[in-house]
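First the structure, which I've put down as C-alpha cells, then a few questions once you've had a look.
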Amino acid sequence: MSHLPLLAIFLIPAIILALATLLTWVERRLLGLWQDRHGPNRVGPGGLFQAVADGIKILFKQDWIPPFADKTVFVLAPSIGMMTVLLSFAAIPFTPLSGIAGTLNIGLLFILGMMGLGVYAVVLAGWASNSKYALLGGMRAAAQMISYEVFMGLSLLGVVMIAGSFNLHDIVTAQTHCWFILPQCLGFFIFLLAGIAETHRLPFDLPEGENELGAGFHTEYSGMKFGMFFIAEYAGIILISSLVTTLYLGGWLGPVLPAVVWFVLKTSGVVIFFILLRAALPRPRYDQLMALGWKILLPLSLLNVTATGTVLMLRAAG
Amino acid sequence: MLNTVRTLFLTFLHAFQARATVQYPEEQPYLPSRYRGRIILSRDPDGMERCVACNLCAVACPVDCISLQKTEENGRWYPEFFRINFSRCIFCGFCEEACPTYAIQLTPDFEMSEYARPNLVYEKEDLLINGTGKYPDYSFYHVAGISIPGKDRGKAERERPPVDLHTLLP
Amino acid sequence: MITFQLDGQSCSTRTDINLLQACLEAGANLPYFCWHPELGSVGACRQCAVKQFSGPEDKTGRIVMACMTPATEGALISIDDAEAKEFREGVIEWMMVNHPHDCPVCPEGGECHLQDMTVMAGHNTRRYRFTKRTHRNQDLGPFIKHEMNRCIACYRCVRFYRDYAGGDDLAVLGAHDNVYFGRAEDGTLENAFSGNLVELCPTGVFTDKPFSETYTRKWDLRGAPSVCVHCAVGCNTFVNAREEKVRRLLNRYNDEVNRYVLCDRGRFGHGFVNAASRLNTPLCLSDEQPTPVPTQAAMAQFARMAASGPIAGIASSRASLETCFSLRSLVDPDLFSTGQTQQEQTCTELAYALLRDHPGAIPTLHEMESADAVLILGEDASATAPRLALAVRQSGRQNAFLAADAAKVPRWMDAAVRTIGSETLSSLFVVSPAPTDLDGIARDAIRAVPDNAARLGFAIWHELDPTAPTVPDLKETEAEQANRIATVLAAAKKPLVVSGMQYGSIALMQAAAGIARALTRNTSEAGLSLVLPDCNSMGLAMMGGAPLETIIARAKAGAIGTLIIIENDLTRRLDPPEIVDLLEAVPNIVLIDHTATPLWQNANLVLPAATFSEDTGTLISQEGRAQRFFPAVFPPAPIQASWRWVQDLARALPSKQGTPASPASTNLSEWKNLDEVIADLGKELPVFAKIINAAPDASYRLNGQKLRSQTYRASGRTVIRSYISVRDQPPPTNSDTPFSSSMEGAYRTDMPAALVPHLHAPAWNSVQALNRFQQEIGGPLRGGEAGIRLFSSATAEGKDSVQPSSAPDIPPPFIPQPDTVLLLPEARLFGGEELSMFSPPLAARAPPPDLRLPTSAALQPRMTLHLKGYGPKTLPVRHLAGLPDGVALCPPHMVAAAFRFPQIVRLTPDPAEGEGEGEGEGEET
C-alpha cells in the first residue's frame, strides 16, 4: 500500500498523457464518423498509430521562438498549462483504492485552484508571443475563463452541500444510492458548460477562433511547445470528464464490472459527448458567450445553490 | 435549447450513415473527363501539334508556372520549348480556358507525386500526347487564315479563293 | 485655346486640331485607324464617328468623323451617344468580316491596335456567316513579313511609305473590297524606313520578321529606354528582351528627335548583341592562342603588364561617355587617345566648334521638319543620318502648307494638303558628288565633287555675306547656282544648312557653317546641322584627346608599355602597315570590347564588355543632346560595362604606382555606380556638367518605388529557369539605374520621359498607347524631356562675338585626271556602319561591294583599284548616272577595312577577268 501512491505518481500522468495523445486520434475518428467520413485510418490498425506518427512529427519540428517574443515566459507558458492539468489529476479518485490523493480533504478545491492557475498558461502565452492575434486570444481566454470559473465553482457547491465534503472520495461514496446528476441536474448542466469553456473546447473555443485570430494565443507556437498546449487541452478534456463522472455520475460506482472499468466507461461517455458537441455546434459570438455566462448561468447557479440549500435545510429541519 | 439538442441528436445519427469518402488507392475514384488533373498538349486530327505558341496559357496562369518560346516551320507556329512547373501548378484550368486551339488540356490524372521537385518540371516531350484529347475534330489551321503545307491560301473553312489582283471586275 | 463640350464635360483644347485629337487629348477613348499624328487625317476608316450637336436644343445631332472635323469653340460633342456607338460598332464589324481567325499565330496579337479598337468599339460577336476574302502574300525581304488577309484597308502603310518616307515600291493595287497593299511583284521593300510599317500598321499585315524568329508577346518583354548606337543622330529606342536576350527594338517617341519613326538600320541593327562574335569571358594570350581565364587571373596578368611601362588608352566613338572618361582617368592625359585618326578628329572637333559657336539655331530634327529652305552641302544624309534626311524630307512640304493655309485648308487635312502640295516646289537644294534619296524632292540637285561642292558653298556664303572670302576661278554656272540658292535661302524665315564629314572635308563644313552664320543676319532661326559618323563622336570631340597617330608615334618611340583599347576596331581606322607597326611597338595590348574585332587574337588580354542593351551610359548626339541608355538585359557574370573593367584594371595596378597622374578630382577606383562617374565627369570636364540631367539617377523613385521594366502581366516567373533550378531566384539588380528588373515597381503615364520602359495604358496595348503619355498629341511627353542639350540655340548667348579663328582655305577646283580617279566613299544605309553588320537581316540587305563610275567612263565588268597600303582590289563595276567625271565611288570598309577619303587612286582593268579575290579579302578583314 505504501508503494502504491508512489507508483501512481509516475504511472497516472503517463497514462493520462498517453490517453490524451490517443484522444487526438479518437476525436478525429469520431468527427469523421459524425461527418460521414472515415477520419485517420491509415497508420496502424484502424489508424491507431496516427497519434504516434503525429507525436513523432511534432517532436521533430523546428523549435522556433519568435525573435520578438519574451523568451522566458514564452517557454514557460505551455509548461504551466501542462503542469496544472496533470496536477489536477492527483485529486481524482479513479477507484476506491487507486489515485494519488483521491482522499485529499480539499480535493475539489485543489482542482478548482489548479484550473484557476491554468488561465495563466493561456494568458502568458498570448502576452509573451508579442503579436496581436496571440494577445487578443490571451485576453479572450482570460476573460472567458475567469468568468466561467465563477459559476463553475458555484455550480459545484450543490454537490458539496449534499455530500458534505470537498473530499472527492467522499463525494463518490455519497452517490451510492443516487447519482448527483438527478438532484443536481441544473448544477450538472452548468458545470458541463463551464467545463467546456474552461478547456476552451468547441463551441467555446473563442481564444483560438481560427477564422478571427489565426490560432489565438498559440499563433506563434510551433513544434513541441505547441504540442504541449495541444496535449494539455486534451488532458483537460479528460480531467473535466473525470470530474463530471466523479461529481455527478457516481464515479467508479457500478454493478458487476470492476470499479476502474465503470470509471473509464463513464468518463469516455462524457468525452464522447464533448466531441459530439464539437461535431454539431457552431461557435457563438464572444458577446453571446459572455452574456450566457453572466446573465443566465450565474443566476442559475445561484438559484441552484439556494434551492439545494433550502432543500437540505428543510430536510434537516424535517 | 431544444434546437441544440436536436442538432446533437441529428449529428449523432450520422454515425449510422454511409461514408462519403472514397478509400483511394484501394478504391479508384470516378473522375469525369473534365476533371482538372495533369496538363497535356494534344494534337490535331492530322496528328500535328495543336499548340501554336500563342502564349495565352502562360499569361493566364495565375502562378506563372507555364513558359514557352515560339518557333515556326512552314507557316505553322510551334513551341520551341514548352515547360510547366507542376510544383507550382494549382490546377485551376485557366490555361485550358485561355487556349484558342484546344491544345492544352487538363486530364483526369492526378497521380504525379515525386520525391524530387525538379522531376515536377515537365518539358514539351513530357506533355505532348498522341491524340486529340477531349476535342476530337477541331483543327485550328483549318479555320485560320494563314497557309500551311497542305492548305493553301483561301482553302480554310469559309474562305474564298485568293483575289486576282489583275481584274477590276466587281 | 478653345473650349468644347464632350459628353457634357467641358474640355479646353488647342486651335488648329481636329476633334479626334481633341478627344484623345481630353483623355477620352475614341477608336480610330487611318488617322496618325504624323500622317494627318484622310477619313478613310470611318471609325472615329462622334455625334455633334448644333446647340443645346438640338437633341438629334449628326454623326461626323472626328478626324475630319475641326475642333471649334463651343462645339457640343458626344462619344457616348447611342447612335454614334452603334455606328462605330457597325464599322468595326464590317472590318472584321474579312479579318482572319489568326490572332493566336499573329505577331501583332497582344499589341494590336485592331484588337484594342474592337474592344473599345464594343463589337464582340461575329454575325457574318459567309466566306472571307483572302489574298496571296508577298516576300518583302528580310525585315518585313506580309500577311494581307489581315488588312483592314486603312491606307496608313502607303501613306507613310509613299507620302511620308518617299518610297515608291509599295502601293495600293486592286479595287473595291479587294484592295491590296504590296509591291508590284515580290521583292525587298527598298525604303530606309520600311520597318516603321510594323508599328504603323494597326493590325498584323506588316510584322517584324527578325523578331518573329525569337518571337515573344509584348507582355513578356522586359523593356528599357535606350538610344540607337548606329549613327550620330541619337534616335530614342526601346530595347525589348526576354530570357536575357535582346528580342527587338522599337521606336521610342522623343518629340524633338525621332518622334514616331526609326530607320531600318537602327531598328534591325541590334543583332550584334546576340551574335556569335560576342566576347563573353576574359581571354589571355598563351602560346599565341587566346585562352579563357578567370577574371582574377586576368587582373593579375594586367598588374604584371603594368610594370612594363606607361599605360596608354584608346577610347572609341562608339563607347559611352562614361567609358571614355574612365579610360581618360586611368592613363596619362597625353597618352589618352580618342581612337580617331587625325583627319576624323579634326573634322569632329571642327564640327563641335562650328556648332557651338553658331550664332543661329542648332535645330532638332523636329525643328528641321519645319525649315522652309534647306541646303544639303556635300553629305548623303539619307545614308549617314537617315532619320535626319527624313526630317529634311518633311521640310519639303513647307510650301505646300503655306498654300494650304492660303486656301484655308487645315494642315492636318492630309489628302487635301498633299493635293495642293503637288503643285508647289520644295526649297531643298542638294549639292553632292553622288545622287541621294532626297534628289527626288529637291528643287535643285547639283553634282559636284567635295572640293567643288565646298567652293560652291563658299560662293553662296559670299553671295549672302559680301565680307566673306571670294572664291577664285569660279565658273559661270557655279556662280549662277550659288546666286539661285543664296536667293532662296535669304528669303527663308527658317533656313537650314546641312553638311557633314562623310567626305572628310573640312572646307565643306566651314562653308556650310559660313552660310548658316551669314543667314543669321536675316533670321536668328537660321539653322546649322553637321552630320557626324558615330553615336558618340560628338562626345569625344567635346572631351578631346590625342589622335591615333600620336599614340603610334609614341609607341614607336617605346614610350608605351601597355595599350588599352576600348570598343574600337582599329583596323577600320588604320592601314595594315600602321597596325603592324603598332602591334610590334607595344609589348602589351588590352582589348575591352563586346564584339570580337579583328585585333582580338593579337591582344594579350581581352575583357568582355557589355553592350548598349546590357549597361547604362550616356551618348552625345550630333546636335549636342546627351541621352542615357538603360539595360534590358542582365549579362552573365564576367561581362560588365567597360568603365567597370577600367575600374578593375585601376584597382589591379600595383599600389606604388597609386592613382595615375590624372587629376585628383577623379576617384576612379572608388566609383560605386554610374552616378558617381557622371558626377566626377561633370567636375573634371565642366562642359559635361549638364549630362547629369540627361535622365534621373539611380536613386530616383516613383511613388516610393523603383520603376518596373517588365509589364505587370509578365508570365512564366516561376518556371522560366526551372530547367536549371526549380528553386526561385531573386530577380537580378542593377545599381546604375532606378529600374527593377521584374514586374514589381511603379509605372505611370507621366513617368520621366527618359525612363519610360514600354508603352501601355489601360485599353491601349499597342504602341498607340503613346497618346496617353503625351501632353498633347505630337507634343512633349507628360514626363518632360528625355535627354538634355549641351549646346543649342537657347544657349547662344554672346555667340555673335565668336568669329572663326582664321579664314578658311578655299580648295582649288577639282580637275579630272586621265589615269587616276578620285575615290570617294559611297555611304550605304546597310553595310557601312560597323556594328549593324553583325545583324543577320541587315547583312542580308547589304549588297556586295562594287565600284560606281560616271557614265562617261568606259564600262568594264570588273576593274582593279590600287589602294595605298592594300595592294590591288578587283571589284565589279557599274555606271552611276550623274556622277562627275574623274570620280569613283565604292563602299568604305567593305572594300578595305580602313581607307582614307578622299583618295586619288589608280584604276586599271581587271587583269584576270573573273576571279573575285579582292571582294572576299575586303570582307574578311
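The model shown is predicted, which means the values in this text are computed figures rather than measured ones. Values reported hereafter were calculated over all heavy atoms of this structure, with side chains retained and with hydrogens, waters and symmetry mates removed. Just so it is clear: chains get the letters A, B, ... in the order the sequence lines come, proteins before strands, and each one is counted from 1.
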With chain B, the option among E213(C), M148(C), R242(C) that has the most non-hydrogen atom pairs under 4.5 Å is R242(C)
Chain C contact via D152(B) - which portion, at a heavy-atom distance below 4.5 Å
side chain
Under a plain distance cut-off of 3.5 Å, with no hydrogens placed, do R43(B) and N130(B) share a side-chain donor-acceptor pair?
yes
Is it the case that more than 12 heavy atoms not belonging to Y24(B) sit under 6.0 Å from its OH atom?
yes
Does a donor on one side chain sit under 3.5 Å from an acceptor on the other, for R150(C) and T203(C)?
no
Between H135(C) and chain B, which part of the residue has a heavy atom less than 4.5 Å away: side chain, backbone, both or neither?
both
When heavy-atom pairs shorter than 4.5 Å are enumerated against chain C, which of A144(B), S87(B), A53(B) gives the highest number?
A144(B)
Does a donor on one side chain sit under 3.5 Å from an acceptor on the other, for R50(B) and S42(B)?
yes
Of the listed residues (T71(B), V63(B), V143(B), D64(B)), which shares the most heavy-atom pairs with chain C below a 4.5 Å separation?
D64(B)
Applying a strict 4.5 Å limit to non-hydrogen atoms, the region of F130(C) in contact with chain B is backbone
When the ring planes of Y138(B) and Y102(B) are compared, do they come out parallel, tilted or perpendicular, using 30° and 60° as the limits?
perpendicular
Which region of C65(B), side chain (C-beta onward) or backbone (N, CA, C, O), has a non-hydrogen atom less than 4.5 Å from a non-hydrogen atom of chain C, or is it both or neither?
both
Look at R88(B), E80(B), R76(B) and state which one has the largest set of heavy-atom pairs under 4.5 Å with chain C.
R88(B)
Contact winner vs chain C - R117(B), R153(B), E159(B), heavy-atom pairs under 4.5 Å
R153(B)
Could you look at S212(C) and say if it's the side chain, the backbone, both or neither that has a heavy atom under 4.5 Å from chain B?
both
Between I66(B), I84(B), T101(B), who has the most heavy-atom pairs with chain C when the cutoff is under 4.5 Å?
I66(B)
Heavy-atom distance under 4.5 Å to chain B: side chain of C106(C), backbone, both or neither?
backbone
Under a 3.5 Å threshold, yes or no: a donor from one side chain and an acceptor from the other, between D169(C) and Y161(C)?
yes
Under 6.0 Å from the CD atom of E27(B), do we count more than 12 heavy atoms belonging to anything else shown?
yes
Between H758(C) and F238(C), is the ring centre distance below 6.0 Å?
no
What I'd like to find out is whether the side chain of Y747(C) reaches to under 4.5 Å of the side chain of H760(C), using heavy atoms alone.
yes
At a heavy-atom distance under 4.5 Å, which candidate from L120(B), V163(B), N85(B), L68(B) has the highest pair count against chain C?
V163(B)
